[in-house]
Each structure stands twice: as C-alpha cells, then as structure tokens.
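Below is one structure; the comments refer to it alone.
Owing to the predicted nature of the structure, the values given are computational and were not obtained by experimental measurement.
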Amino acid sequence: MRRSVYGAAATWTVPSFLGHTMSTLDAFASSAPPAGGSGGPIVVIVQMEGGNDGLNTVVPHDVTAVDDPAVGTATVSEIYYAERPTLAIPAENVLPLGSTGFGLHPALTNLHGLWTGNGGTDPNRLAVVNGVGYPNANLSHFTSTDFWNTAQPNEPVRDGWVGRYFDHVCAGGGECDPALGVALDDRPTLAFRTATSNAGITTANPGNFGWRDEYYGYMVEDPSMERLYRRMTGVDHPYDDGIDPSSEALAFVKQSAQSAMISSESIRCALDAGSGSFPLATEWASVASNNYLADQMRDVASLIYGGMETQVYHVSQGGYDTHADQRDGGGSLTGTHTNLLTMLDEAIGAFVAEMKAQGNWDRVLLVTVSEFGRKVIENGSAGTDHGAGAPLFATGGGVNGGLYGSLPSLSAANRIKNDSLDPTVDFRKVYRTVLESWLGVPQGQIADILPSAPADFTPISFVTPFS
C-alpha cells in the first residue's frame, strides 16, 4: 500500500492511515493551481490498437540499397512494391523524410510538418524509430498488448511499466497525487497497474468524472448523495479520517474511495481553471467531428492547461487490425488505414499547436505504440495480417528529430512468423529513453521499473534530457 499510488495518495489525504497531514477536499478545491501546471515533464502515450501497418506508415519508397546481398540483388523498395502490388503507397504520393529514402503516408501531413520544421523555420521535432518490437514476437492482440504494457515479454507479469514508475516516484512515502497518471478510456490500462492496484485515474470523459447515481436508471449527478458518501468515508472530518485500522480490507476500500474523491476534485479544479480561455489553438476547429482520438487529446490538453500535476497521460485509437479493405483499389489513397492515419494526424497536429500556444510544448514528449506491425505481403482481402516489427513516432519540444533504428530486412529469407519483419529495436530501449532522459529516473534505478532487459539496452538519443 505505502509503495503504491493509492497508498501514496492516502499519505496525502489521510493522516492516521499512513501518518501524513490531513488535506481535505475543500482545502484542495480552494487552492486550485493556475493554468499551465507546475512545469515538470509530461509523457503522452498514444496507443494505436490493432497492430499498425508500419510499411505503409513509414514507406521505403526510394531505398535503393540491396536488401540483403547474401540472398539476392533486389533493393528494399523493389521488394516492398513487388510484395504489395495493390496496397503499396505510390512513390509520387509519399511525403519524403529528407534524403533517407523513406517517407510518410500522405495522410500524415502534420507529422511531416514536424519533420520539416514548417519548411525549415523550426527544428525537426519528429523522431521515427524503425523496426521496433521484441524477440519471439507473439502475434495475439491481447498477449502482445500485455507484453508492451508490462515491458516483460513472454513473462506472466501483472503490473505495468508505468505503474512501476509510479511506485518509484512514490517509494519515499512523500506526497503523491493520485492524478499522477490519467488514462482517457472506459477501462484501466495494464500499463498503469502497480503491484497492488490500478493506479492513477481512468475516465473516458474528464468533465463527467465525479459522483454518479443510477437510481433513475441513468447516470446523473447527485450532490446530496455525494455529501453523504463523503461523510461516510470521513474525508471532510478535520480530526477523524473515519478509517478503522482494525479491518485492513475495509480500511483499503475507504482509503481508495477517498483517493477517488480527491482525484475527482483535482480534475474538476483543473477544468475550471482553464475553462475561460481554453483552447488557445485554432487548429481544433478543423478537426473532423467524429475524431474520437482528437477528443481525447483535447481533454489531455485541457487538463495540462488547467494545471494538473499528471506526468503520464494515456490515450488510444482502435481500428488498426486491417485484415481487409485496408486501402481501396484503383490507385485511390482512401480506405481504412488512410482514415485512421488521418484521424491520428489531425489529433496530433491540433494537440501540438495547443501545446505551443500554451507554452507547454517543451514539457511534452508524445510517443506512439502499437502491439505489433503487419506482414510484408498483402493478403487476398485488400489488407495485411499480423506481423512483428514496426516503426513508432516520438515528438515534443525536446525531441531530436530524425530516423532511428533500422528497417528489418524485407527479404523472404530473413522474415519471421510467416512473412513478418524481424525487429531490430527492442521497445524497452524506447521505454528506457522515456524514463531516463525525459522523466529523470536515475540509471541505477531503471532495473526497478524495467527488470527484464534486452541484450541491447542502451538508450536512444531521440530526446534531449528534460531540464
């Protein structure tokens, strides 16, 4: 309990339970932080659920090097276009990443603008890490997602890498806000789970995160019931926290309830603090009304602007399991994958503009993840099937833009798992970079958060240490 986020949250709210000074909800509400937050580093994890097709996202449209001289003379691009006769992105449509021979899917115009620095007036703030995955790739959605969330592939682990980071932050028994992590979802993410609890806040709608009563058959606010509940749990009492230490189970339930009340109040204060002037960026107006990822990103931006002390946000976009109708035929750049990447690009573009307008761009590191990529070959249903290695993106004010890692060999002789790309970069290297360079975890304590280390565990230089 003491080492978990809930336990640390209790030290912030409940004196006799873990020996810290009482801080009531009313006191918290009266001291809402100013818009803009505390100035610390922020990580935003964007999960592309379903297994994103990396080859059609970061396209090897003009890679003229021979893929593998040991098995043939075909170049990387020749293999890509040969294996995807109807799905490959035409070279003339690709958004080039300089002279690398790689380019972005044409839907990713905002991400491409981050790479070019708006035509060269700004630094390159888009990092593309090629060939990311893990050894002995598992191509089950659920299992592989669990591996990415726990950062311990092929091991039966039930706590997440971010949850272990929360435990690291709160290990000293200091004051630890339950809002240290916020996941915009209907269900908790395994990535946030600590050894003892589902840590942080999980809510699909921060504006509705509060007391709800189902007496009338639907969720409605009920202030009278909320007041009664607060009295029952003792959260407002100036001297007695209402928690009986003789019953550990009941004490845990009541303490968790108090943490939830504190979390609800902190979100309410953050939304109120920025309600008069948010959003600052005009780019939100051009985002499609059905872009649910952009809705999540807007909520994250609102909480950052309102002064939340959250260090890690988690959002997700489903639909990347493109076995069929990935792209329409006839040379048209439309279809499921194009629609998904358009939504991703719109959401990230508006969020980046908002962070710059707020003055929070230099605090934010945004990283995309997906449980796996797709196979080299297209299938007979105008789609692609589960693969292994794939690229991911990172952007933020401290990102050193560029191409990192290496594209796995596309040659049939070097593929794994029935035409999958053999990963060249272990995803735990990316996590270590985020933890060590951006969140400031000392090198000697990385093993506490990422105990299962790959053979090559050196950090990647895609981000400048936060200061």
Carboxylate-amine/guanidinium contact Glu283 Arg298, below 4.0 Å: no
If we count only N and O atoms by modelled type, under 3.5 Å, do the side chains of Asn154 and Asn138 hold a donor and an acceptor together? no
Would Arg428 and Tyr134 count as a cation-pi pair here, with the cationic atom under 6.0 angstrom from the ring centre and within 45° of the axis? no
Is the backbone N or O of Trp148 less than 3.5 Å from a side-chain atom of Glu371, with the two atoms forming a donor-acceptor pair by type? no
Looking at Asp321 and Arg374, is any side-chain nitrogen of the basic one under 4.0 Å from a carboxylate oxygen of the acidic one? yes
Does the side chain of Ser437 come within less than 4.5 Å of Arg432's, by heavy atoms? no
Any side-chain donor paired with an acceptor under 3.5 Å for Ser409 and Asp67? yes
Checking Asn124 side chain against Thr116 main chain: does a donor-acceptor pair fall under 3.5 Å? no
Yes or no on side chain to side chain contact (heavy atoms under 4.5 Å, CB included) for Asn110 and Ile348, after CA distance, side-chain angles and deciding distance? CA-CA 8 Å; Asn110 287 309; Ile348 293 178; over 6 Å; no
Side-chain contact test, heavy atoms from C-beta onward, threshold under 4.5 Å: evaluate it for Ile267 versus Met308 and give yes or no. yes
Under 6.0 Å from the CG atom of Asp122, do we count more than 12 heavy atoms belonging to anything else shown? yes
Exercise: do His386 and His323 side chains pair donor with acceptor under 3.5 Å: yes
Does one side chain, of Thr75 or Tyr80, offer a donor that lies under 3.5 Å from an acceptor on the other? no
Quick test of your reading of the model: are Arg415 and Asp422 salt-bridged, counting only N-O distances below 4.0 Å? no
Do side-chain atoms of Asp62 reach the backbone of Ser77 as a donor and acceptor pair under 3.5 angstrom? no
Are side-chain N/O atoms of Asn379 and Thr384 paired as donor and acceptor at under 3.5 Å? no
Run the side chain to side chain contact (heavy atoms under 4.5 Å, CB included) check on Val434 and Val367 step by step: do they pass? CA-CA 9 Å; Val434 171; Val367 180; 4.2 Å; yes
Flag the pair Val369 / Val46 as yes when at least one side-chain heavy-atom distance between them is below 4.5 Å, and no otherwise. no
Phe102 and side-chain contact (heavy atoms from CB on, under 4.5 Å): which partner among Val94, Val58, Val59? Val58
Verdict with supporting geometry, Asn56 and Arg327, side chain to side chain donor-acceptor pair (under 3.5 Å): CA-CA 10 Å; Asn56 273 19; Arg327 173 174 165 247; over 6 Å; no
Is the side chain of Thr342 donor-acceptor paired with the backbone N or O of Ala107 at a distance under 3.5 Å, no angle test? no
If you apply the rule ring-ring contact (aromatic ring centres under 6.0 Å, His included), what do you find for Phe372 with His141, and how did you get there? CA-CA 8 Å; Phe372 42 63; His141 290 293; 5.1 Å; yes
Can you label the angle between the Phe278 ring and the Trp284 ring as parallel, tilted or perpendicular, going by 30° and 60°? tilted
Within the distance-only criterion (no hydrogens, no angle test), does the side chain of Thr336 pair as donor or acceptor with the backbone N or O of Asp325 below 3.5 angstrom? yes
What I want to find out is whether Lys417 reaches Asp385 closely enough, with some N-O distance under 4.0 Å, to be called a salt bridge. no
Backbone N or O of Ser140 within a donor-acceptor pair of the Thr143 side chain at under 3.5 Å? no
Any idea how Phe166 and Phe192 line up, ring-wise: parallel (<30°), tilted (30 to 60°), or perpendicular (>60°)? perpendicular
Between Arg193 (side chain) and Asn149 (backbone), is there a donor-acceptor pair under 3.5 Å? no
Assess the side chains of Glu378 and Thr86: does a donor N or O sit below 3.5 Å from an acceptor N or O? yes
Run the side chain to side chain contact (heavy atoms under 4.5 Å, CB included) test on Phe466 and Asp362 for me, step by step, so that the C-alpha distance in whole Å, both residues' side-chain angles and the decisive distance to 0.1 Å come before the verdict. CA-CA 9 Å; Phe466 181 83; Asp362 290 339; 5.9 Å; no
Which class fits the ring pair Trp161 and Tyr431: parallel under 30°, tilted 30 to 60°, perpendicular over 60°? parallel
Quick one about Tyr165 and Gln311 (side-chain donor to acceptor, distance below 3.5 Å, no hydrogens or angles considered), yes or no? yes
